Amino acid sequence: MESIGVLMASPVNPYLEQELDKRFNLFRLWEYPSKPEFLKSHSQSIRAVVGGVSAGADAELIQALPKLEIVASFSVGLDKIDLPKCKEKGIKVTNTPDVLTEDVADLAIGLILATLRRICECDRYVRKGLWKKGDFQLTTKFSGKTVGIIGLGRIGMAIAKRAEAFRCPVSYYTRSEKSDCKYKYYPSVVELASNCQILVVACPLTGETRHIINREVIDALGPKGFLINIARGPHVDEPELVSALIEGRLGGAGLDVFENEPYVPEELFKLDNVVLLPHVGSGTIETRQAMADLVIGNLEAHFLNKPRLTPVI
Amino acid sequence: MMGHQEQLPQILVLGPPSVFKPYEHQFTKKFQILKPWESSLPTHLFLSTHGGSVEAVLTSGIFPVTANGVLNHLPALRLIVTTSAGLNHIDLPECRRRGISVANAAEIFSEDVADLGVGLLTDVMRRVSAGDGSNLKIDGSIPPKSSTPSKSSTKMDREKLSSPPQVLMLRPPPVFLRFQPQFSEKFQFLRAWESDLPLDAFLSNHAQHVQAMLTHGGGLPITADQVLRHLPSLRLIVTTSAGFNHIDLLECRRRGISVANAGTIFSEDAADMAVALFIDVHRRLSAADRCVRGANWPITRYYPLGSKVSGKRIGIVGLGSIGYEVAKRLDAFGCRISYNSRQEKPSVPYQFYSNVCELAANSDALIICCALTDETRHMINRKVMLALGKDGVIVNIARGALIDEKEMIKCLMNGEIAGAGLDVFEYEPNVPKELREMDNVVLTPHVAVFTDESFWDLFQLMVGNLEAFFSKKPLLTPVLDD
């Protein structure tokens with residue numbers, strides 16, 4: 001398989017690169033001076049693309065790679081892949097579900113706690129030596145607060161399970177109500193936001209869910225409400241969120257994702273009721289390795305004509 | 001006018017009596033005043049050092065004028081003037097032996113005292129309980145003898161106490177500061193920190209009839225020597241903390257003083273804090289937030305990854321109310337819970353280890369949730385940390401002194417443990433510089449229970465305990481012998 005050309009768009013993981021290098025002819029796009037240059041020289045050799053959260057396979061790229069057979073995403077989210085185009089051209093797609101579910105759910109709870117209890121600000125307070133001058137302020141209790149989850153897939157369910165251990169009543173919104181579900185259903189995001197204190201975004205990013213958190217939802221959540229986003233930046237109307245936070249119309253936000261990563265609105269830097277993370281939802285040694293193994297496993301299976309491990313299409 | 005001052009006769013003032021302060025200026029015009037309470041020396045040392053030529057003493061009605069305490073240190077003493085009518089605080093035979101004259105307030109108070117006596121009798125006969133004269137001003141006036149209702153009274157109307165019961169505070173607990181107006185509606189607070197007097201003098205002068213005290217975990221230690229021996233009427237100490245290591249319980253028991261604490265109202269918030277620190281250390285949340293705010297979104301592929309939280313082996317040190325809440329939460333993360341406690345708890349589904357070292361050897365992280373006692377001080381020592389291992393994490397939301405802090409810093413710097421989440425420190429609010437510069441620790445300023453919700457619950461609980469005491473009902477959250 002050493003002759004099979006595999007294209008990696010961004011340097012997501014050293015272990016993954018290393019393993020791909022061993023098995024395939026790996027092309028690292030970021031090492032080339034320009035994309036057009038690269039395509040001119042190598043487009044005929046590329047049979048697989050390894051995508052990630054910042055770059056996947058859009059229509060343009062798919063079009064430029066006539067020998068492309070499979071896109072293996074180093075993520076569970078598929079928003080960077082033009083799925084209809086892949087389907088049209090018979091290109092296979094795989095992702096990395098399940099292995100990162102727990103990590104992302106853990107992070108969601110960690111973000112809730114960090115935001116409500118102002119852990120990062122506390123840490124800054126101590127490091128600056130301010131504790132000697134006086135006690136820190138009171139913050140907001142997490143246990144027992146109502147948690148509303150948008151999207152009750154694997155990640156949403158894992159978040160719900162953890163929130164229950166904190167005595168939190170859990171409610172949710174999905175496109176249609178789930179049968180056999182013990183959590184309370186709301187038929188719209190605004191209604192969910194009006195009836196919970198902590199709103200967590202945990203659904204896939206599609207054309208329909210873009211800006212699902214808009215001004216109306218933010219207002220419904222209110223000055224004592226908190227928004228937690230561990231899904232995708234474009235789920236939230238970011239300028240609206242920023243002004244709501246600055247004006248105190250929203251109680252606080254814990255954000256792992258942003259509309260234009262790695263760009264984070266600078267107005268957020270001076271707020272003490274937000275926690276800002278650089279997209280680390282699945283960022284653990286254990287999970288990134290498991291994800292990398294899945295990508296490799298899927299690619300090997302495909303090129304050996306075996307069933308893929310985690311196919312999407 | 002220094003020269004003029006030095007020619008004035010010298011008097012030593014003990015107490016000081018309450019009449020002294022308001023008229024200090026007038027006193028100073030006539031006398032050169034020696035004020036032992038303004039010195040850092042203990043009184044008897046001050047007297048030995050400065051009282052060699054003192055001929056006259058002005059004292060309050062409460063300051064004990066004894067041979068050992070006073071007279072032996074004032075060889076030139078010829079006169080004691082007490083601002084009280086009563087003389088029981090002065091060793092009169094000893095004074096007679098030494099040729100020291102004594103003068104008191106004679107009858108100048110008699111009318112006022114009589115008025116008071118009549119007022120008290122009427123008061124007591126017309127209402128039911130408690131109230132030992134708490135409606136009196138705290139100005140050092142002769143404490144009234146506790147009146148017994150006249151035998152001729154038969155009816156006692158059940159009326160609500162019209163004046164609030166008195167509660168002593170040495171320093172203001174944070175919950176008091178937050179709910180001052182609400183507290184003050186219900187109780188009359190004796191605020192030791194607002195007085196210029198050193199504590200023992202304040203207590204001797206003003207708190208002799210105080211029955212209840214409100215204190216907190218971060219306040220002054222409540223020991224026999226510093227506090228209790230000055231409070232003969234004390235029957236209740238309420239602390240706003242769950243911990244009570246700052247109170248000499250044995251001494252309280254000896255003196256018949258009940259103690260109430262915060263019970264389990266903080267357990268959820270404290271457990272939430274433990275989990276917050278645990279996740280933060282493993283997933284590097286505070287470190288990442290620092291990165292982003294520094295406009296340093298890590299674009300390098302060598303940005304350190306975190307460590308997975310779910311499924312980790314957790315060792316809980318102390319499975320009380322807080323430890324149990326921590327266990328419940330981390331259980332939902334698929335963590336495997338073990339614990340060490342003074343006794344095994346057969347009703348819980350978690351693995352018990354009889355010593356902390358063994359617990360550490362079988363855990364990926366230790367979460368400290370136990371009380372600080374003589375036995376548990378520095379319980380987390382080098383041996384335990386080495387057993388925990390280089391991937392191990394310590395979370396402490398209990399008391400700083402449970403961990404050998406110096407040793408922990410060494411272990412962190414040498415990579416003998418991986419990280420720590422700390423809400424408490426040995427010498428709060430001082431946090432060692434080495435810790436404040438580390439990337440693999442998360443530091444919070446003893447805020448495990450600092451939420452709006454807990455403070456409100458705490459306020460209600462403190463009021464509840466005090467009200468129960470004053471109406472002779474059982475305390476809500478007594479600290480019991482175990």
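Note on naming: letters A, B, ... go to the chains in the order of the sequence lines (proteins, then strands), and numbering restarts at 1 for each one. Only a predicted model underlies this, so the values are computations on that prediction, with no experimental measurement involved.
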Side chain / backbone / both / neither for [X] at chain A, heavy atoms under 4.5 Å:
X: B/Ala287; result: neither
X: B/Val275; result: both
X: B/His446; result: both
X: B/Arg284; result: neither
X: B/Leu435; result: backbone
X: B/Glu325; result: neither

Need one label for [X]: side chain, backbone, both or neither, based on atoms under 4.5 Å from any heavy atom in chain B.
X: A/Asp135; result: side chain
X: A/Leu100; result: neither
X: A/Tyr125; result: side chain
X: A/Gln137; result: backbone
X: A/Arg118; result: neither
X: A/Glu286; result: side chain
X: A/Val275; result: both
X: A/Ser282; result: backbone
X: A/Leu107; result: both
X: A/Leu116; result: neither
X: A/Thr287; result: side chain

*Does the ring of B/Phe333 carry A/Arg162 above it, NZ/CZ under 6.0 angstrom from centre and within 45° of its axis?*
yes
Quick one: of [options], who has the most non-hydrogen atom pairs under 4.5 Å with chain B?
options: A/Gly110, A/Ala158, A/Gly283; answer: A/Gly283
options: A/Asp256, A/Thr140, A/Leu111, A/Leu268; answer: A/Thr140
options: A/Glu164, A/Lys133, A/Glu261; answer: A/Glu261
options: A/Ile109, A/Val280, A/Ile112, A/Ile285; answer: A/Ile285

Could you tell me whether a side-chain N or O of [X] sits under 3.5 Å from a main-chain N or O of [Y], the two making a donor and an acceptor?
X: A/Arg154; Y: A/Thr101; answer: no
X: A/Ser75; Y: A/Val53; answer: no
X: A/Gln197; Y: A/Gly225; answer: no
X: A/Glu31; Y: A/Arg28; answer: no
X: A/Arg117; Y: B/Ala448; answer: yes
X: A/Glu259; Y: A/Glu238; answer: yes
X: B/Tyr339; Y: B/Ile314; answer: no

Find the one option among [options] whose heavy-atom pairs under 4.5 Å with chain A are most numerous.
options: B/Ser454, B/Ala288, B/Ala276, B/Ser307; answer: B/Ser307
options: B/Leu285, B/Val442, B/Asp280, B/Val447; answer: B/Leu285
options: B/Ser310, B/Ala271, B/Pro174; answer: B/Ser310
options: B/Lys328, B/Glu437, B/Arg290; answer: B/Arg290
options: B/Arg293, B/Arg436, B/Arg178; answer: B/Arg293

Going by an N to O cut-off under 4.0 Å, is there a salt bridge joining [X] and [Y]?
X: B/Asp452; Y: A/Lys224; value: no
X: B/Glu428; Y: B/Arg399; value: no
X: B/Asp364; Y: B/Arg313; value: yes

Do the rings of [X] and [Y] sit parallel, tilted or perpendicular, given the 30° and 60° boundaries?
X: A/Phe27; Y: A/Tyr32; answer: tilted
X: B/Phe455; Y: B/Phe450; answer: perpendicular
X: B/Phe183; Y: B/Phe176; answer: tilted

*Between B/Arg283 and A/Gly281, which heavy-atom pair has the shortest distance, and what is it?*
NH2-O, 2.8 Å
